[in-house]
Undergrad: 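Take this structure first; my questions come after.
Residue numbers start from 1 in every chain, and the chains themselves are labelled A, B, ... in the order their sequence lines are given, proteins ahead of strands.
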Amino acid sequence: MEHASQDEIRKHVRTYVLVFVALLGLTVITVAVSYMHLSIVPAVIVALFIASIKGGLVASYFMHLISEKKLVYVTLLLTVVFFIALISLPLLGYHDTID
Amino acid sequence: MLDFLGLPPDASAHGADIDNMIGVVHWLMFALFIGWGIFFTYVLIRFRRTRHQKADYQGAKTHASTYLEIAVAVFEGILIIGFAVPLWAQRVNEFPEDKDAIVVRVVAEQFAWNVHYPGADGFFGATDVNLVSADNPIGLDRSDPDGKDDIVTINQLVVPVGKPVIVRLTSKDVIHSFSIPLLRVKQDVIPGQVIPVWFEPIETTEHIRVAMTKTYSLINPGVNLMTMMTMQDYVDKDSVVIVPAGSILFPDVVEQLVASGYTEVRAAPETPMEIACAQLCGLGHYRMRGFVSVKTPEAYEAWLAEEALYLQ
Amino acid sequence: MQIPYTVTTRPDTGLHNAKLGIWLFLASEVMLFGSLFSAYILLRVAAVEWPHGSQLLNVPLAFINTVILIGSSVTMVLSWASLKMKDFAKYRRYMGLTILCGFGFLVVKAFEYGAKFSHGLSPAEDLFYATYFTLTGLHGLHVIGGIIVNTYFWGPGSRMWDTEPERFTNRVEVAGLYWHFVDLVWIFLFPTLYLL
Amino acid sequence: MQHVAAATPAAAGTHHEEHAGFWRTYVFSLDHKVIGIQYMMTALLFLFLGFTLMMLMRWQIAYPTKGIPGEWFALLPAVIGVAALAVGVYSKRRLTLLVGLLFGGIAWLVWWMVSDEVLFPEGIMLPELYNSFGAMHGTIMIFLGVVPLAVGGFGNYVVPLQVGAPDMAFPKLNMMSYWSYFVGGLVMLTSFFVPGGAANSGWTSYPPLADIATTGQTVWLFGMVFLITSSLLGSVNFIVTIVQLRAKGLTFMRLPFFVWAQFVTSFLLLLAFPPLEGAAILQLMDRLAGTSFFLPSGLVISGQVLDVAGGGSPLLWQHLFWFLAHPEVYVLILPAMGIVAEIIANNTRKPLWGYRSLVYASIFLGFMSFIVWAHHMFMTGMGTVISTFFQTTTMIISIPSVIILSALIISLWGGSIRYTVPMLFAIAFLPMFGIGGLTGLPLGLAPTDIHLHDTYYVIGHFHYVVAPGTIFALFAGIYYWYPKVTGRMMNETLGKIHFWGSLVCMNGIFFPMLIQGLAGVSRRLYDGGAQYAHAQNVLQWNEVMSISAWALALFQIPFILNFFWSMKKGRQVESDNPWGATTLEWQTPTPPPHGNFTSIPEVYRGPYEYSVPDAAKDYTPQNVP
Ligand code: HEA
Ligand code: HEA
Ligand code: CUA
Ligand SMILES: [Cu+2]
């Protein structure tokens with residue numbers, strides 16, 4: 001990103017606008033799906049799936065993650081691993097209690 | 001090893017396993033510490049500046065430590081697979097059937113242990129927080145048919161020897177921890193949850209007390225004598241019993257003994273088996289003490305009958 | 001001696017200091033919101049019953065807010081691109097828009113909160129409202145923080161453009177990364193709280 | 001590269017800041033060295049305060065039925081304070097005056113707490129007060145003492161120098177980090193004065209107890225938010241500094257181990273602290289907004305049904321708390337290990353043995369420390385699966401610790417060991433950490449933890465690692481880097497008295513705890529277990545431990561005297577590198593000027609090139625081509 005030429009930036013701008021449109025579309029879809037009143041498991045899956053795509057778009061294009069440096073990837077990878085541990089292990093603990 | 005570690009006497013069936021494991025782990029710890037300690041001391045002396053002027057750039061050329069580390073890892077693996085997991089599984093998975101055991105509920109509160117027995121019918125009466133009052137600490141619904149014959153004691157857990165006991169733990173307010181060191185039992189008591197714990201006492205309290213009898217100096221006992229009771233009669237010079245066996249050594253009793261020329265006393269804890277609260281639960285945490293009384297089956301039945309009588 | 005790599009990138013890492021710094025900061029933010037999501041999931045799984053967000057919360061308002069926030073993300077990145085294209089006036093315009101969107105988001109949020117409070121619904125109501133208010137509240141604080149930073153770079157901070165344009169562009173990029181992150185959090189908050 | 005000239009503290013530091021004035025230079029400084037010293041002084045004061053609280057508690061434990069001669073405990077800080085004030089007035093040094101005032105403040109605080117009839121009616125320490133002292137001792141020692149000293153103090157001062165940087169990457173953030181810590185500390189201190197006293201639910205603050213506790217708990221939570229913010233700012237700064245500002249030629253595998261330790265530590269702080277911040281927010285909501293994140297339904301508090309919505313989970317707090325607090329214990333130990341490694345290499349005059357394994361072990365340690373946290377929760381009703389998981393990770397994490405310790409011990413082999421005071425503290429660290437670490441093993445196995453959980457065995461375990469472990473390493477660091485900071489050496493004799501006295505007393509305090517713990521004595525007991533039958537046979541140790549604790553305090557006097565006296569009167573260093581060290585911090589003027597290096601350093605070799613065969617001297621600094 002650091003040394004992108006003016007032309008490249010112009011190309012980027014087009015991408016940004018496209019991503020914006022995609023995000024709007026996906027938002028409409030999530031809301032629409034939520035009015036279909038799926039049962040909870042598919043609802044969670046669909047909602048989180050769409051949210052992940054949206055999040056991915058924002059991170060990849062707006063935050064330029066798609067062309068980021070290795071160091072940033074490593075840091076984020078670590079974070080993701082711990083994030084998953086933080087969410088899953090307490091849940092596992094909840095399900096595996098003495099009764 | 002076990003004596004050396006100074007564990008309290010063990011009165012439960014599974015206690016020996018835990019103690020053994022504590023022993024094994026401590027063997028490992030001692031071995032590592034002594035081993036490294038010898039090496040460490042040797043190096044400190046051998047390579048001091050006055051003796052070893054010029055340091056050696058290479059230093060030790062050994063892989064011994066790698067082998068040692070692998071050995072430690074293997075040992076820890078054995079500890080987990082061979083001891084820890086099976087023992088833990090036995091504690092938390094292999095509960096005896098309710099019908100083969102004595103089942104009680106324990107409701108902890110700041111700062112007491114309420115013990116709830118199902119009574120003769122074997123069913124626990126319903127409870128309701130709105131019924132909680134000074135003389136109904138667990139909110140037992142006496143109008144529930146199951147609850148009519150239920151027995152509730154405060155800080156007294158009475159169980160028979162030689163039969164598994166299941167304790168269902170819950171708390172009214174904050175987190176407590178139900179710990180009976182002599183039975184090698186500990187379980188946090190968490191409000192909003194019911195957590196069971198089980199054990200099988202193999203010694204009566206009476207028996208443990210006798211085993212714990214020791215001679216204590218009256219002048220400088222090193223213990224809190226007020227928690228002790230005499231294990232024999234004490235007489236004055238006219239052979240009149242002044243302090244019978246089973247007296248608590250309150251300060252005045254001690255004074256009396258000293259006045260009669262005694263300097264030592266054979267004594268044992270009045271309540272050797274205690275429920276200690278092991279989780280900070282407020283200002284009275286230190287005195288949230290309950291008592292376990294392991295009785296012979298006959299004495300246990302007699303106690304139940306007596307308690308049932310009080311209900312009428 | 002000057003602190004190196006405040007403007008240029010370090011060859012072996014390919015990053016300038018602030019860029020690495022903001023990513024690290026965002027990593028910690030992930031863990032912060034992660035802990036709250038973890039709390040939310042655990043409480044919801046353990047709950048006897050849990051209401052469906054769309055029945056209690058105002059989905060249209062939240063939808064509008066989502067659009068506003070996504071829009072602000074675009075204007076933010078465009079403002080940075082304008083700087084890259086050396087168009088300061090355009091930068092001011094886009095940045096201004098971003099800030100306005102931020103305020104817009106807060107205003108809508110205020111209406112939402114106001115409606116809840118006027119019905120006597122507070123965080124103390126039940127666990128659903130507790131998580132709703134806590135999560136959106138913390139997110140709102142992040143929005144406010146972002147607005148403050150952006151306003152600074154729109155106003156007084158932008159004087160740096162005349163002296164050190166590259167450094168200023170970097171700063172805007174870093175502020176942008178933060179702002180997109182705030183957007184990203186909302187993208188997950190919106191379905192979890194309002195739609196599920 | 002030898003610049004003995006600028007050796008007086010006053011002359012340096014101001015070198016480039018001549019016009020900056022007092023406030024900019026000493027108070028709101030952006031210079032990492034000044035900030036490091038600020039951190040260090042503040043943290044030492046807090047350590048002292050934390051210790052004083054514990055000395056009062058130890059009286060209560062040893063003599064539960066006797067009133068406390070509390071005023072005596074104010075005497076020590078008072079004497080130190082008056083002495084420092086006198087010296088300060090005499091030598092017209094503002095810093096010394098300030099220290100005098102602060103110690104005076106501590107004395108006054110202690111006096112106030114013990115003489116106020118409300119807190120200490122008739123000279124008796126009430127259980128509430130005991131609990132709040134206990135909670136504050138833990139909090140102060142960990143969050144306001146050791147971490148700020150090890151990371152904020154040594155990290156700030158030493159890391160930029162060791163990586164050859166002119167300053168931290170973000171000087172303003174650095175300053176904010178210190179002031180956030182400062183405010184956090186003040187908030188914590190204030191909590192002693194709110195109605196009901198300071199937080200009294202343990203440093204672990206388990207709800208529901210903490211949810212229903214007195215106002216002090218709210219203040220504690222706000223204080224924690226500041227401290228967490230401080231740590232986050234600091235850790236971002238450290239990582240960026242280490243990654244981005246390394247001198248030319250200073251590859252990762254040439255970094256001094258201390259820098260590695262700080263690097264891993266920073267990641268722990270960065271990623272583990274936010275969940276506690278989250279948890280603190282939830283607890284604040286519970287306390288202030290009436291939510292019930294941690295409160296299940298149907299609670300009855302002293303006979304009254306608690307009027308909240310309910311449905312919350314007390315265990316949720318424990319998960320979030322230990323998600324931080326376990327990594328936190330490695331935050332306490334890693335910098336200590338780093339300090340010890342530096343000093344061992346320097347005083348054996350040979351390279352560290354197994355540098356690479358040290359590095360990889362600490363990275364692995366850091367990584368694993370995120371997934372062992374629930375070994376603090378074995379007794380909360382865990383099933384087999386989850387307990388096996390956490391037992392296994394706990395045993396796994398002990399291996400890198402063994403590797404680190406082994407490497408450090410083996411490093412001694414073949415050395416030419418000089419027993420300087422920093423070296424004495426550093427080598428004492430090894431067996432002391434050894435005992436502490438080894439006693440972690442029976443705690444890490446769930447079945448043995450049944451007997452040992454929440455007994456004095458746990459207290460013994462972790463004090464061995466943090467007190468004669470970390471605190472010793474910190475002392476070692478102070479003696480070691482003191483000449484760099486001040487241009488003067490600390491006195492050896494006083495140092496040796498300090499060392500031997502502390503070593504004996506520390507063991508006198510903490511070994512008996514293991515004995516008591518094996519006997520089953522619970523921790524956090526206001527009367528030290530006086531009522532419990534199973535405690536009777538080990539009760540006599542209480543007095544031994546308490547006396548050792550007070551003796552330990554007396555043995556700190558030579559240190560405090562030494563610390564202040566040597567600033568003015570200590571032997572001046574004869575060169576910039578009095579220990580003959582190889583790392584970059586010694587290759588600058590003493591003390592280093594603003595901007596640290598007189599010319600941009602370049603690195604040609606590893607960090608511990610001592611006694612290189614055929615070299616002229618027995619050390620070859622990293623920047624020698
Ligand atoms: C710096 C702090 C620190 C460190 C490094 C550790 C290290 C370890 N800790 Fe500790 N721990 C704490 C601080 C620390 N701990 C604190 C503060 C608590 C209590 C919190 C509270 O409840 O308030 C606690 C509690 C605690 C518990 C919970 C106990 C309970 O509440 O029931 C457990 C359980 O697994 C545990 C395990 C371990 C293990 C396995 C290690 C391992 O990492 C240790 C590995 C090290 C070794 C195995 C040593 C190797 C030794 C040698 C090689 C021999 C050397 C010999 C010579 C030199 C002579 N710790
Ligand atoms: C880093 C952590 C740390 C450190 C260093 C210490 C150090 C000490 N601790 Fe602490 N302790 C805890 C963390 C720590 N503790 C925690 C977390 C708990 C649990 C709390 C809870 O239950 O919630 C606890 C609990 C605890 C208990 C149990 C209380 C109970 O359960 O009721 C006891 C009992 O004796 C105790 C004693 C001591 C003693 C005697 C020291 C001594 O080693 C202190 C030695 C101190 C020094 C040597 C300081 C020297 C500093 C100076 C001299 C300053 C000089 C100043 C200048 C130069 C300006 N501690
Ligand atoms: Cu109940 Cu401690
Ligand atoms: Cu731990």
Side-chain angles (χ1 to χ4, degrees), chain C residues 1-6 8-51 121-135 137-139 141 174, chain D residues 16 165-171 173 228 232-233 235-237 239-241 243-246 251 266-267 269-279 281-282 284-286 288-294 296-297 308-313 315-317 319-320 323-324 594-600:
Chain C
M1 251 166 90
Q2 284 296 315
I3 295 167
Y5 310 120
T6 46
T8 51
T9 57
R10 184 179 163 112
D12 56 351
T13 59
L15 296 166
H16 59 83
N17 297 345
K19 184 78 161 284
L20 180 58
I22 191 72
W23 275 112
L24 290 167
F25 175 72
L26 292 184
S28 85
E29 291 279 272
V30 170
M31 295 309 283
L32 174 62
F33 281 100
S35 67
L36 295 181
F37 271 105
S38 176
Y40 168 83
I41 295 173
L42 193 75
L43 291 173
R44 182 159 184 176
V45 167
V48 189
E49 53 178 348
W50 193 272
L121 295 168
S122 72
E125 180 68 18
D126 61 16
L127 272 183
F128 174 80
Y129 282 106
T131 36
Y132 162 75
F133 277 109
T134 310
L135 280 165
L138 189 67
H139 178 261
L141 286 179
V174 165
Chain D
H16 283 255
D167 204 311
M168 294 287 274
F170 309 114
L173 275 193
I228 295 171
L232 289 179
L233 296 178
S235 56
V236 170
N237 218 341
I239 298 175
V240 176
T241 305
V243 171
Q244 293 284 99
L245 304 193
R246 271 170 299 127
T251 57
S266 299
F267 269 102
L269 289 173
L270 183 78
L271 299 178
F273 244 139
L276 184 63
E277 185 147 27
I281 293 171
L282 298 183
L284 275 173
M285 291 293 287
D286 273 7
L288 298 178
T291 58
S292 44
F293 287 110
F294 303 126
S297 316
V308 294
S313 156
L315 287 184
L316 172 62
W317 168 270
H319 281 295
L320 296 179
F323 188 89
L324 157 84
H594 193 64
N596 290 348
F597 294 90
T598 39
S599 63
I600 296 174

Undergrad: Between D:F323 and chain C, which part of the residue has a heavy atom less than 4.5 Å away: side chain, backbone, both or neither?
TA: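 For D:F323, side-chain heavy atoms alone lie under 4.5 Å from chain C.
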Undergrad: Side chain, backbone, both or neither: which part of D:V308 has a non-hydrogen atom closer than 4.5 Å to chain C?
TA: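 Contact with chain C involves no heavy atom of D:V308 at all.
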Undergrad: Please check if the side chain of C:T9 supplies one atom and the backbone of C:G14 the other of a donor-acceptor pair under 3.5 Å.
TA: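 Judged by distance alone, no pair lies under 3.5 Å.
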Undergrad: Out of C:T13, C:V30, C:V48, return the one with the most heavy atom pairs under 4.5 angstrom to chain D.
TA: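 Sorted descending by pairs with chain D, the first entry is C:T13.
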Undergrad: Tell me, for C:A46 versus chain D, whether the close heavy atoms (under 4.5 Å) come from the side chain, the backbone, both or neither.
TA: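 Contact with chain D is absent: no heavy atom of C:A46 under 4.5 Å.
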Undergrad: For the residue pair C:R10 and D:Q244, what are the closest heavy atoms and their distance?
TA: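 It is NH1-O, 2.6 Å.
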Undergrad: Could you tell me the separation between the CG atom of C:N17 and the CZ atom of D:F170, rounded to the nearest 0.5 Å?
TA: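 Going from the CG atom of C:N17 to the CZ atom of D:F170 covers 5.0 Å.
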Undergrad: Would you mind checking which part of C:A47 comes under 4.5 Å of any heavy atom in chain D, side chain (CB onward), backbone (N, CA, C, O), both or neither?
TA: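 Contact with chain D involves no heavy atom of C:A47 at all.
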Undergrad: Please determine, among D:V236, D:N237, D:L173, the option with the most heavy-atom pairs under 4.5 Å with chain C.
TA: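 Highest number of heavy-atom pairs under 4.5 Å: D:V236.
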Undergrad: Once you round to the nearest 0.5 Å, how far does CG of C:L24 lie from CD of C:E29?
TA: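 Rounded to the nearest 0.5 Å, the CG-CD separation comes to 12.5 Å.
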Undergrad: Is there a side chain to side chain contact (heavy atoms under 4.5 Å, CB included) between C:W50 and C:V45 once you walk through the steps?
TA: CA-CA 9 Å; C:W50 193 272; C:V45 167; over 6 Å; no
Undergrad: For the candidates D:I239, D:D167, D:L245, which exhibits the highest count of non-hydrogen atom pairs separated by less than 4.5 Å from chain C?
TA: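 Result: the option with the highest number of such pairs is D:L245.
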Undergrad: Is a donor on one side and an acceptor on the other found under 3.5 Å between the side chain of D:S235 and the backbone of D:F267?
TA: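 No.
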Undergrad: In terms of heavy-atom proximity below 4.5 Å to chain D, should C:L138 be classed as side chain, backbone, both, or neither?
TA: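 When you check distances to chain D, only side chain atoms of C:L138 fall under 4.5 Å.
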Undergrad: What is the distance from atom CD1 of C:I22 to atom CZ of C:F25, rounded to the nearest 0.5 Å?
TA: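 One finds 6.0 Å between CD1 of C:I22 and CZ of C:F25.
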Undergrad: Pair D:D286, D:T291 - check side chain to side chain contact (heavy atoms under 4.5 Å, CB included), show working.
TA: CA-CA 4 Å; D:D286 273 7; D:T291 58; 2.6 Å; yes
Undergrad: Let me know if D:L233 has heavy atoms under 4.5 Å from chain C in its side chain, its backbone, both or neither.
TA: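 Neither the backbone nor the side chain of D:L233 comes within 4.5 Å of chain C.
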Undergrad: How far does CE of D:M168 sit from CD1 of C:I3, to the nearest 0.5 angstrom?
TA: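 The CD1 atom of C:I3 is 10.0 Å from CE of D:M168, to the nearest 0.5 Å.
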Undergrad: Do any of residues 123-134 of chain C come closer than 4.5 Å to chain D, heavy atom to heavy atom, and if so which ones, in number order?
TA: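 If one takes a 4.5 Å heavy-atom cut-off, the residues of residues 123-134 of chain C near chain D are C:P123, C:A124, C:E125, C:D126, C:L127, C:A130, C:T131, C:T134.
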Undergrad: Pick one of side chain, backbone, both or neither for C:L36, based on which atoms fall under 4.5 Å of a heavy atom in chain D.
TA: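 When you check distances to chain D, only side chain atoms of C:L36 fall under 4.5 Å.
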Undergrad: To the closest 0.5 Å, what do you measure between OH (C:Y5) and CZ (D:R246)?
TA: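 With rounding to 0.5 Å, OH (C:Y5) is 9.5 Å from CZ (D:R246).
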Undergrad: Would you compute the distance between atom OG1 of C:T8 and atom CG of C:L15 and round it to the nearest 0.5 angstrom?
TA: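 The distance works out to 11.5 Å.
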Undergrad: Under 4.5 Å heavy-atom distance to chain C, tell me which part of D:L232 shows up: side chain, backbone, both or neither.
TA: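 For D:L232, the contact with chain C is made by the side chain alone.
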Undergrad: Where does D:L320 contact chain C at under 4.5 Å (heavy atoms): side chain, backbone, both or neither?
TA: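 The side chain, not the backbone.
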Undergrad: Could you pull out the closest heavy-atom pair between C:S35 and D:P274, with the gap in Å?
TA: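 Looking at all heavy atoms of both residues, the shortest contact is OG-O, 4.2 Å.
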Undergrad: Is it the side chain or the backbone of D:L271 that comes within 4.5 Å of chain C heavy atoms, both, or neither?
TA: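 For D:L271, heavy atoms of backbone and side chain both lie under 4.5 Å from chain C.
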